Amino acid sequence: MNYAQAACQALAEAMRADARVVALGEDVGTGGVFGQYRGLQQEFGAARVIDTPISEATIMGAAVGMALTGLRPVVEMRVVDFALCAIDEIVNQAAKNRYMFGGQGRVPLVARLPIGIWSGSAAQHSQSLEAWFAHIPGLVVVAPATPQDNYSLLTAAIACGDPVVYMEHKELWGMQGEVAAPSSAALGQARVARAGSDMTLVTWSRMLHTALAAAEQAAQQGLSVEVIDLRTIWPWDRELVLESAARTRRLLVAHESVQAAGFGAEIAATAAEELGIPVKRVGGARIPVGYARALEDAARISAPQLLQEIKLFANGADRRRSMA
Amino acid sequence: MNYAQAACQALAEAMRADARVVALGEDVGTGGVFGQYRGLQQEFGAARVIDTPISEATIMGAAVGMALTGLRPVVEMRVVDFALCAIDEIVNQAAKNRYMFGGQGRVPLVARLPIGIWSGSAAQHSQSLEAWFAHIPGLVVVAPATPQDNYSLLTAAIACGDPVVYMEHKELWGMQGEVAAPSSAALGQARVARAGSDMTLVTWSRMLHTALAAAEQAAQQGLSVEVIDLRTIWPWDRELVLESAARTRRLLVAHESVQAAGFGAEIAATAAEELGIPVKRVGGARIPVGYARALEDAARISAPQLLQEIKLFANGADRRRSMA
Amino acid sequence: MQASTPAANASHGEHLLSLYRTMARIRAFENAAEEASRGSVAAFGATSDAAALVRGPLHLSTGQEAVAAGVCANLARSDYLTSTHRGHGHTLAKGADTTAMMCELFGRAAGSNKGKGGSMHIADFGVGMLGANGVVAAGIPIAVGAAHSAKIRGSRAIVACFFGDGAINRGPFLEGLNWAKIFELPVLFVCEDNRYSATTATDAMTAGEGAAARARGIGLPAETVDGNDVLAVDAAARELVARIRAGGGPQFLHALTYRVKGHVSVDAAAYRDQGEVEQALESDPLKLAGQRLAALGIAAGRIAAADAEARAEIEAAVAAAHAARPPEPAEAYADIQDTGAGQWR
Amino acid sequence: MQASTPAANASHGEHLLSLYRTMARIRAFENAAEEASRGSVAAFGATSDAAALVRGPLHLSTGQEAVAAGVCANLARSDYLTSTHRGHGHTLAKGADTTAMMCELFGRAAGSNKGKGGSMHIADFGVGMLGANGVVAAGIPIAVGAAHSAKIRGSRAIVACFFGDGAINRGPFLEGLNWAKIFELPVLFVCEDNRYSATTATDAMTAGEGAAARARGIGLPAETVDGNDVLAVDAAARELVARIRAGGGPQFLHALTYRVKGHVSVDAAAYRDQGEVEQALESDPLKLAGQRLAALGIAAGRIAAADAEARAEIEAAVAAAHAARPPEPAEAYADIQDTGAGQWR
Ligand SMILES: Cc1ncc(C[n+]2csc(CCOP(=O)(O)OP(=O)(O)O)c2C)c(N)n1
Ligand SMILES: Cc1ncc(C[n+]2csc(CCOP(=O)(O)OP(=O)(O)O)c2C)c(N)n1
Ligand SMILES: [Mg+2]
Ligand SMILES: [Mg+2]
């Protein structure tokens, strides 16, 4: 089963089990442009799998109104980049509702905002903004890296009673993998994707696969890297990460999103505050994603690059300054 | 001269010197609801100090079109919270334009997006989102803390050829201070607001004044705190901050914005990476800002609270874990 | 809509008196809130006074009571309502408790929002009032979603969606009306046109013939009404609500009124002509309704009693709000989100 | 608009031939781009092929050439234009160099955007073409700002603003038209209605009578035209542009056409009826114009020559793009922002 199908299955099961679950967004009726809604309108009808106009602000705002009045909407935004047309609705309306109205209502919606560089799509279709939503009180932020997790975590997100920003990766739709149902993944739980002892490498989303490849290479070169898939960006699994980092005494965070003010800073800063151990981040350059392959590649982090950083860091020969 | 008047003066001088400078936004013709445009429409006319409909997306998008075709617009958004209705225009259109079109055009606009808790205004009028914009390639981010800097930095921002997110503070408009013109502050330059030797405290915007008060108290208790006003959030003055931190061997960052994924994480993570010194952040709780004073106060950081954190940090008795 | 027989006149008079009561209660509420808000916020040249009882920007609906009263008289408690930053009148008319409302303005734990929202976010979900909103036009998509939800759930609830004349220049106006029409949703859109958007006269910012013409351009039936004439608002709303309940899809009401006060309570509105205000006060909705009541044979004493009762109710609400306790600081960390609640660092 | 004397016919024919040439060049460009884009992107069930020469989503304007050609024939080089994700035709018709365009699609340093934008961001500021846009309706406010700027600067430039039928349901449509009208700006809004929004038939998503009715509801004069008839588009645009140049403020053109290809080049458009496509192909704009040219007495050989020249031009552009070098990786760090450029960590 691929990553798109896994999400589709999770949504179908949720819709079968609970009549309050509906899906809305552009092109969902024809199955979604990535096949992530395939067959759902046929099974559940156009009243529950709702094709909408190109009206991102109202798609998200209407979902808030639906959620407040007894439905559990799953909101399709195609890519996080288009959700920038619905930011007031996510940040001012969905996230703050429960608090601002003193708990009178809840907003159980799942907003699907896929992140990542989408090959050949350039600057306006290639952003990863998980750090933005982690900064906003009231939002849960999830970023699944595998078909299994896309199944399990979407199931958990739909069950969550508060707004979840659910960030699939634009280049993982076709990824194949085993999916065991029913699932047990809970929001807020990271996963040790590979055990190791010399260094803790925290990552999420598509970068997990890059990290696993780099860790494999590192192992062959005698360096044991523990890879943690964060899975939920907020609330992040501080216990698991800090326990691992306290053991390995080195924390590296790698993410595809721009490094500057990225969520890696939160993790690195926390580890430095709490453990006082060496920390390091490998994140995207602060550049828009260019179209030509050479430019796009400059915005990506490859496994060899990551391996190189891992080795420098392990040797204490990273860019730490001499004045230290 | 107060903080609002200082900005007004900077804008008036820029408009006198350069016919390409225009201002646009809601209620600018009547002087702005905080007096930050007072007298400008009288002096420069309604064609250059442009009252607009309540159309944030189009205010910002039109400014992009103006900037591309020979004007230098200063865009009024009243508070950053309303600019959430114009995020596509800031992030996808203004910030990426120069790059995406291969340098064919430039977007010399200044977007005024005041941050901060605005007393009694609750969750939708009290956000500080400087970290968001620091995360976006193509944007310069500025946050002046004093009338002098509001004069100098607004002058510099208008002179900058690329989009500047200019973040005044919602509660500083009435702050009085000396303003010497012409000014010399350049974008990207931090300022040592108080010299010290035991610890470096980096801050910006209204929190500067809290930090100075806390540092004064700390001094009386024998602790010498160097306070740095960052002033420009991106590009931030790494040299000044790291030089200071390398000297004091302790870095504390304090900001009013939510601590989780706030810009303090970037600074703390960088210092930990580069210097390996103890770092610590004091930022806003990850809660929406509540209306009642007790709730609002829970979202603020007071000078006594900050002093307490300074002392714990100086003694190494902060919340660093035992397992470290 | 004037009734002609004495019996009809009498029943008409009683109906108008009930509308008048609602208006009088709103007026009293606004006057009390205004009184408690001196120095509430630093803006419009005013400085903020830490001692203000009602803090922050306070948007009064004084002079606009007929719109709230006339529309809400046609709603059931199970119907929904969304509002704007200027939402006290709508909330009260929808049936909210004035003590809980005043406690909210005073930032008390007993407030309708537990002190978390204040004036700009006044709400009472218990009577279907889904919230005032600090963002212009942001209530429109929420209203549309509530109506869509009612349709999906097979509920008979309809939604009244209030917004100002300034809101028709924001994108969600177009998007929301289009959405409501293509899905034929049960929404009554009410443009409460008080001629101002903050310090700006809205007219110069609005192209074309205005709210109703735009609604028609998107395919919605639209009516324009004198928004200071509570009977006219009531009659128009009754007709439109009936059409909605009969499955006629979304309807649009453009109600013409006037913002008697400044944009917020500390705004002296020096940017507009005093003559304009005085002229507008001639058609004050309470004054108009009072004259009409007299004409319909309602005794002056009953009108005065309605005023007195309204004032007494609000005085009691103010006293209760004075006496009520503020929320505990710990309350600041509650009701954020369940997964991650308490994880606020 | 049929001329009646032989001389008038001949001059009419020459004019149509020049419009035909533009259309033929667009058609040849789209065909070549489509050819080079096989496997360009993972979507619509297609998988991405790393070897694709033109990468990412490619939106073709095949079959819609008459709108671009007819409108742009009435613009000067100094006028501005904003476009959509489906912008090749507009860009070419505005006067951009096809080699620079094709180099951009191939991701070459010699591309109009130095390889940084690709198809979705095709632009040529040198001819006033201010950019295609990856966000639906996002070009509208930018166009309005460019027109506002022209007015402020006292320039005589006008702006043509293209968008699709799907864009009229997004907020910026309302906001932008309102803005253009209150400031009486020199903008020609062109709704290029190809009946689809990605995989969705737009009609069911659009309330009321559509684009022109909405524009009128906001106070703009609006015309609807057969967008496959290049002479009709040209005539309508000529009239509207003349009004704009005469200070008549913003004007609106609703051009009815059809999206012959899928939403992107890898989309087989299985969601629609093949009969509908075949019927639409009957009124292919090049076919229609060819018939008209013959009727106006233009020799078949001249039409064939126009086709051949167009193909030759584009073949040369493709060859140049093949031969051109990609940007250096270091170029990824240039043209971001001046203050802070190079500070990309
Ligand atoms: C999106 C947004 N822009 C600007 C503001 C600031 N603001 C608050 S109320 C207001 C005027 C609204 O005018 P109108 O819709 O007519 O409502 P009224 O205040 O007259 O009731 C403005 C501009 C806001 N709250 N939200
Ligand atoms: C704001 C936004 N929402 C969604 C998309 C995805 N998308 C790209 S093109 C398109 C359809 C646009 O339809 P229309 O405006 O009619 O233009 P056409 O593709 O037919 O030329 C959609 C939904 C987008 N690019 N931007
Ligand atoms: Mg108004
Ligand atoms: Mg279309």
Side-chain angles (χ1 to χ4, degrees), chain B residues 19-20 22 24 47-48 50-71 73 85-86 88-89 92-93 95-107 137-142 156-157 160-164 186-188 232 234-236 238 270, chain D residues 80 82 104 109 111-118 120-126 128 130-131 133-135 137-153 155 157 159 170-172 174-176 178-179 182-183 327 331-332 334-345:
Chain B
R20 298 172 302 172
V22 300
L24 68 161
R48 284 181 71 198
I50 307 166
D51 282 309
T52 71
I54 307 177
S55 306
E56 279 72 14
T58 295
I59 296 169
M60 193 62 73
V64 174
M66 290 177 176
L68 284 175
T69 57
L71 296 180
C85 303
D88 172 57
E89 291 72 18
N92 282 332
Q93 311 304 331
K96 299 184 181 16
N97 193 293
R98 178 173 170 190
Y99 191 87
M100 194 161 74
F101 295 123
Q104 294 185 68
R106 297 279 292 272
V107 182
L139 297 177
V140 175
V141 184
V142 179
C160 177
D162 294 308
V164 179
L187 301 179
T232 299
W234 193 274
W236 64 287
R238 288 164 62 111
T270 303
Chain D
Y80 297 113
T82 64
E104 187 58 31
S112 45
N113 305 18
K114 300 188 185 154
K116 282 179 166 158
M120 253 191 304
H121 305 301
I122 197 83
D124 186 346
F125 285 31
L130 296 180
N133 210 306
V135 180
I140 299 177
I142 296 174
V144 163
H148 207 143
S149 161
K151 183 167 182 173
I152 290 172
R153 289 180 294 111
S155 149
V159 183
R170 271 207 67 225
L174 166 72
E175 294 189 7
N178 180 62
W179 185 298
I182 62 173
F183 294 110
E331 178 65 17
D335 269 331
I336 300 166
Q337 58 189 116
D338 264 9
T339 297
Q343 303 221 25
W344 45 268
R345 274 283 169 211

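Here is how names work: the chains are called A, B, and so on, in the same order as the sequence lines, proteins then strands, and each is numbered from 1. All values derive from a computational prediction rather than experimental measurement. Quick note: numbers below take in every heavy atom, side chains included, and nothing from hydrogens, waters or symmetry partners.
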Asks: In Å, rounded to the nearest 0.5 Å, how long is the span from CD of D/Glu175 to CD of B/Glu56?
Replies: 7.5 Å
Asks: Looking at every heavy atom in both B/Ala57 and D/Pro141, which two are closest together, and how far apart are they?
Replies: O-CB, 4.3 Å
Asks: Find the one option among B/Lys96, B/Gln104, B/Met66 whose heavy-atom pairs under 4.5 Å with chain D are most numerous.
Replies: B/Gln104
Asks: With only heavy atoms counted, which part of D/Ile140 is less than 4.5 Å from chain B, the side chain, the backbone, both or neither?
Replies: neither
Asks: What residue in B/Thr232, B/Leu24, B/Asp88 has the most heavy-atom pairs under 4.5 Å with chain D?
Replies: B/Asp88
Asks: Quick check for you: among D/Val159, D/Ile122, D/Asp124, D/Leu174, which has the greatest number of heavy-atom pairs under 4.5 Å with chain B?
Replies: D/Asp124
Asks: So, taking the atom named CZ in B/Phe101 and the one named CG in D/Asp335, what distance separates them when rounded to the nearest 0.5 Å?
Replies: 12.5 Å
Asks: Select one option (side chain, backbone, both, neither) describing which atoms of B/Gln93 are under 4.5 Å from chain D's heavy atoms.
Replies: side chain
Asks: Would you mind reporting whether D/Leu130 and B/Thr69 have side-chain heavy atoms less than 4.5 Å apart?
Replies: yes
Asks: Chain D: which of B/Val164, B/Val64, B/Val22, B/Leu71 shares the most heavy-atom pairs with it under 4.5 Å?
Replies: B/Leu71
Asks: Which residue out of D/Val135, D/Ile182, D/Val144 racks up the most heavy-atom pairs below 4.5 Å with chain B?
Replies: D/Val135
Asks: Using non-hydrogen atoms and a 4.5 Å limit, figure out which bit of D/Ala147 sits close to chain B: side chain, backbone, both or neither.
Replies: neither
Asks: Tell me, out of D/Lys114, D/Met120, D/Lys151, D/Glu331, who's got the most heavy-atom pairs with chain B below 4.5 Å.
Replies: D/Lys114
Asks: Could you have a look at B/Leu68, B/Leu187, B/Thr58 and say which one has the most heavy-atom pairs with chain D under 4.5 angstrom?
Replies: B/Thr58
Asks: How close do D/Trp179 and B/Ala62 get, heavy atom to heavy atom, and via which atoms?
Replies: CZ2-CB, 4.0 Å
Asks: Which atoms of D/Ile152 are under 4.5 Å from chain B, going by heavy atoms: the side chain, the backbone, both sets, or neither?
Replies: side chain
Asks: Checking heavy atoms, do the side chain of B/Ala47, its backbone, both or neither come under 4.5 Å from chain D?
Replies: backbone
Asks: Counting only non-hydrogen atoms closer than 4.5 Å, does B/Ile50 touch chain D with its backbone (N, CA, C, O), its side chain (CB onward), both, or neither?
Replies: side chain
Asks: Measure the CD1-CG distance between D/Ile336 and B/Leu139 for me, rounded to the nearest 0.5 Å.
Replies: 11.5 Å
Asks: Do you know which of B/Val107, B/Asn97, B/Thr270, B/Ile59 has the most heavy-atom pairs with chain D at a distance under 4.5 angstrom?
Replies: B/Ile59
Asks: Answer with side chain, backbone, both or neither: which region of B/Arg20 has an atom nearer than 4.5 Å to a non-hydrogen atom of chain D?
Replies: neither
Asks: Between D/Gln337 (side chain only) and B/Asp162 (backbone N and O only), is there a donor and an acceptor less than 3.5 Å apart?
Replies: no
Asks: Please determine, among D/Gly139, D/Ser149, D/Gly118, D/Ser155, the option with the most heavy-atom pairs under 4.5 Å with chain B.
Replies: D/Ser149
Asks: Determine the option with the most heavy-atom pairs under 4.5 angstrom with chain B, choosing from D/Phe125, D/Phe183, D/Tyr80.
Replies: D/Phe125
